[in-house]
Amino acid sequence: MNPSVNTKKVEGFGLGFRFGLADQMLGAERSAADFVEIAPENYIGVGGRRARLIDAVRERWPIVSHGLCGDFAGGMPFDLDYMRDLRTFLKRIGAQWYSDHLCFTNLRGAEMHELVALPFTDEAVKRAAARIRDVQDFLGMPVAVENVSAYGEMPGAEMTEADFVAEVVRESGGHLLLDVNNVYVNSVNFKFDPRAYIDRLPLDRVLEVHVAGYFQEAPDLLLDTHAMPISDPVYDLFAYAMAKLPHRPPVLLERDGNFPPLAELESELARLDNIAEKVHAAA
Amino acid sequence: MPPLEQLETNLRGLVFDREPAPVPGLDERGRRAYRRQVRRSLMSGVRLAIPIARRVLGEDAVNDWIERWLAERPPTTRAYWRLPLQFAEWLSARDDTPHPAFGELVHWESLEVDVLNAPDDASEHPAPDPTEDRRLVLHPSARLGIYNHPVHKMTLDDAIWPERAPAPIFVLAWRKDDGLRWMETHPQTAQLLARAEGGGTLGAGFAFLDTLYGTVDRAGAFRGAGAPSRSRRDFRLFAALTRFFPQDFSFSFRSHDRRRLYTFRGPCLE
Ligand SMILES: [Fe+2]
């Protein structure tokens with residue numbers, strides 16, 4: 001009735017656990033994933049099949065928890081009731097850290113279930129840093145913020161995106177979840193050098209790395225759909241990031257739709273592993 | 001208003017209002033992409049849960065109602081699966097829908113999502129003792145729907161608006177084997193269940209039945225009482241209580257693809 005929690009350290013190469021992959025992942029005898037990532041909002045306070053899925057997952061893999069509605073820089077007050085539920089849930093699944101996105105997810109009370117870019121301003125840095133500190137204190141575990149894909153530049157920018165992300169991480173004392181695909185997507189959407197962007201980040205604070213596939217909507221607009229295989233330029237940027245990182249954080253492949261056979265995702269994981277190995281050997 | 005707050009207000013108008021509000025300083029590509037992405041995400045969260053309503057009313061009309069909801073009362077839930085419930089709640093209060101059964105159907109289809117995701121019954125219940133005046137507890141997945149139209153009998157293959165029923169229909173829904181089960185229940189049973197939800201006790205429940213049916217044999221009410229699931233004391237209690245309405249005791253379920261209806265009528269009480 002009370003399944004055990006897998007307490008293995010989160011390291012290596014993991015997969016996002018999604019309902020569309022659940023049967024394949026849980027049904028496979030062996031798993032190429034060293035850990036899995038789940039979205040807590042999909043499970044908090046939920047019973048039935050979903051609750052059983054999460055029990056099966058926590059027995060098999062170490063888990064990291066990746067929020068979707070954190071709204072770190074939003075204007076809503078700290079939601080104590082929700083944070084209590086979240087803390088209880090994270091404890092139950094043995095989550096080793098908590099991450100969410102550095103963006104708007106709620107606009108003055110309205111939940112968007114989508115990630116909307118922040119303005120790169122000092123005001124936003126301060127708001128996000130304060131909230132991240134509060135969340136980290138309340139949850140009592142490491143908290144990381146993820147750089148997001150963006151489709152428009154918000155008005156009033158006082159710094160570049162990379163400096164904004166770096167400032168928030170430094171001022172909050174939190175960690176960075178470096179999404180390599182998001183860096184690449186934005187470098188196309190806003191025409192900047194993705195390597196220079198990575199160079200600006202506090203790489204010693206990277207707790208986890210994300211990789212995913214994008215969808216090319218127009219020559220100058222990539223959408224972060226997580227529904228395609230990883231593209232070659234993202235593999236290249238991943239190699240660059242791996243070479244620059246002073247340590248080897250766990251790497252997660254995000255696939256949220258258009259699910260292929262598990263073997264395809266496993267070969268993507270193997271390719272990432274290969275790249276990391278090569279970079280490591282060369283260093 | 002500080003710039004960040006002003007931006008939040010502008011963005012909210014951009015993504016939620018019927019006509020996109022301006023966001024000074026955000027380019028056309030960004031305005032279009034964010035409005036589309038947010039609305040796509042929220043609308044598909046609702047649409048997925050209401051296939052029968054979409055079939056009977058048509059995609060465009062349903063989209064239009066979801067868009068009105070977004071503009072008038074944007075969602076407040078962090079749980080994606082709760083979006084259809086918030087839409088249904090808003091729709092239930094409207095009296096200007098294209099068909100009087102539309103709000104009821106959306107409520108019923110959303111109720112399924114609610115039932116399937118409701119918390120598990122974590123408590124280990126001892127066998128019910130009919131002489132003990134314990135508090136009535138419903139299974140956490142049990143929900144009551146009250147409809148003027150038999151929307152709970154609609155399927156994808158039979159998606160036409162039903163006639164208004166001669167009297168309100170009380171539908172008790174619950175989860176079993178990861179599926180939705182329901183039964184039409186007697187108004188008085190529904191009333192009793194509503195009392196149970198409000199913290200009523202078994203004794204009060206029996207007293208209520210006594211006023212309706214004269215003094216009942218309380219021990220006999222439990223003898224041999226079967227239930228949809230033996231492991232769920234709450235339904236044993238319920239089955240025992242519904243023993244007084246034997247005509248109620250059949251339950252129905254719908255196939256996963258929402259195409260077929262099955263009804264189970266069992267001699268489960270004796
Ligand atoms: Fe990511």
Side-chain angles (χ1 to χ4, degrees), chain A residues 1 19 39-52 67-71 73-76 79 82 85-86 104-119 121-124 126-128 149-157 189-190 217-218 220-221 223-225, chain B residues 2-16 23-45 70-71 73-83 86 115-122 124 139-141 175-180:
Chain A
M1 231 16 241
F19 299 124
E41 289 90 343
N42 291 335
Y43 299 97
I44 288 176
V46 164
R49 178 165 180 265
R50 285 190 186 201
R52 289 201 315 279
L68 299 168
C69 302
D71 202 43
M76 297 300 284
D79 184 343
Y82 177 73
D85 290 346
L86 177 64
F104 289 124
T105 61
N106 178 304
L107 294 172
R108 306 185 72 70
E111 287 290 342
M112 291 187 284
H113 293 270
E114 186 59 59
L115 313 172
V116 174
L118 292 167
T121 63
D122 206 43
E123 189 191 4
K126 292 209 160 62
R127 223 202 237 181
S149 285
Y151 312 122
E153 233 161 331
M154 293 303 160
N189 292 353
F190 305 109
E217 163 119 335
D220 61 347
L221 183 63
L223 296 180
D224 176 36
T225 55
Chain B
L4 199 50
E5 221 173 293
Q6 183 64 57
L7 178 62
E8 287 175 278
T9 304
N10 292 345
L11 284 172
R12 179 170 160 148
L14 169 72
V15 298
F16 288 103
V23 181
L26 176 63
D27 68 9
E28 176 61 21
R29 186 186 74 172
R31 284 201 301 272
R32 231 185 304 145
Y34 280 127
R35 180 173 168 90
R36 186 191 58 191
Q37 294 294 105
V38 173
R39 297 172 82 80
R40 189 184 276 173
S41 169
L42 294 171
M43 291 178 74
S44 62
L70 290 179
R73 201 197 295 167
T76 55
T77 179
R78 290 186 180 89
Y80 194 67
W81 63 270
R82 281 191 186 278
L83 290 172
Q86 292 204 329
V115 167
L116 295 186
N117 288 308
D120 292 309
D121 187 7
E124 290 294 326
H139 188 271
S141 78
R175 179 175 72 231
K176 175 152 164 46
D177 301 333
D178 293 334
L180 179 82

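The sequence lines fix the lettering, A, B, ..., with proteins before strands; numbering per chain opens at 1.
Using a 4.5 Å cut-off between heavy atoms, A/Ala218 does not touch chain B at all. Heavy atoms of A/Asn189 lying under 4.5 Å from chain B belong to its backbone as well as its side chain. Using a 4.5 Å cut-off between heavy atoms, B/Leu116 contacts chain A through its backbone alone, with no side-chain atom that close. Contacts of B/Asn117 with chain A are made by both backbone and side-chain atoms, with heavy-atom separations under 4.5 Å. Of the atoms belonging to A/Ala117, heavy atoms from both backbone and side chain fall under 4.5 Å from chain B.
Heavy-atom pairs under 4.5 Å with chain A peak, among B/Pro75, B/Gly30, B/Pro2, at B/Pro75. Considering only heavy-atom pairs separated by less than 4.5 Å from chain A, the leading option among B/Pro74, B/Ala79, B/Pro24 is B/Ala79. When each of A/Gly156, A/Gly75, A/Ala73 is scored by its heavy-atom pairs under 4.5 Å with chain B, the top score falls to A/Gly75. The greatest number of non-hydrogen atom pairs below 4.5 Å with chain A, out of B/Ala33, B/Ser41, B/Gly45, is found for B/Ser41. When each of B/Asn10, B/Val15, B/Thr77 is scored by its heavy-atom pairs under 4.5 Å with chain A, the top score falls to B/Thr77. The candidate from A/Asp71, A/Leu221, A/Asn42 with the greatest count of non-hydrogen atom pairs under 4.5 Å with chain B is A/Leu221. Residue with the most contacts toward chain A among B/Arg36, B/Arg82, B/Glu28: B/Arg36 (heavy-atom pairs, distance under 4.5 Å).
Using a 4.0 Å cut-off between a side-chain N of Lys or Arg and a carboxylate O of Asp or Glu, A/Arg127 and B/Glu8 qualify as a salt bridge.
Under the salt bridge (Lys or Arg N to Asp or Glu O under 4.0 Å) criterion, A/Glu41 pairs with no residue, sequence neighbours left out.
Side-chain contact between A/Glu114 and B/Tyr34: absent, with no pair of heavy atoms (C-beta onward) separated by less than 4.5 Å. Using a 4.5 Å heavy-atom cutoff, the side chains of A/Leu68 and B/Tyr80 are not in contact. Between A/Thr121 and B/Pro3 the shortest side-chain heavy-atom distance does not fall below 4.5 Å. The shortest distance between side-chain heavy atoms of A/Glu111 and B/Leu83 does not fall below 4.5 Å. No side-chain heavy atom of A/Glu153 sits less than 4.5 Å from a side-chain heavy atom of B/Asp27.
In this structure, CE in A/Met112 is found 9.0 Å from CG in B/Leu42, a value given to the nearest 0.5 Å. Interatomic distance, CD of B/Glu5 versus CD of A/Glu123, reported as 8.5 Å (0.5 Å rounding).
Geometrically, B/Arg35 does not engage A/Tyr151 in a cation-pi contact defined by less than 6.0 Å to the ring centre and at most 45° from the axis.
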Intermediate values then yes/no, side-chain contact (heavy atoms from CB on, under 4.5 Å), B/Arg78 and A/Ile44
CA-CA 10 Å; B/Arg78 290 186 180 89; A/Ile44 288 176; over 6 Å; no
Please lay out, stage by stage, how B/Gln37 and A/Val116 fare under the test side-chain contact (heavy atoms from CB on, under 4.5 Å).
CA-CA 9 Å; B/Gln37 294 294 105; A/Val116 174; over 6 Å; no
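Judged by distance alone, the side chain of A/Arg108 and the main-chain N or O of B/Arg12 form no donor-acceptor pair under 3.5 Å.
Between A/Ala51 and B/Asp120, the shortest heavy-atom distance links the atoms CB-OD2, 3.6 Å. The heavy-atom pair separating B/Pro119 from A/Gly45 by the smallest distance is CG-O, 3.7 Å. When all heavy atoms of B/Leu4 and A/Pro119 are compared, the pair lying nearest together is CD1-CG, 3.5 Å.
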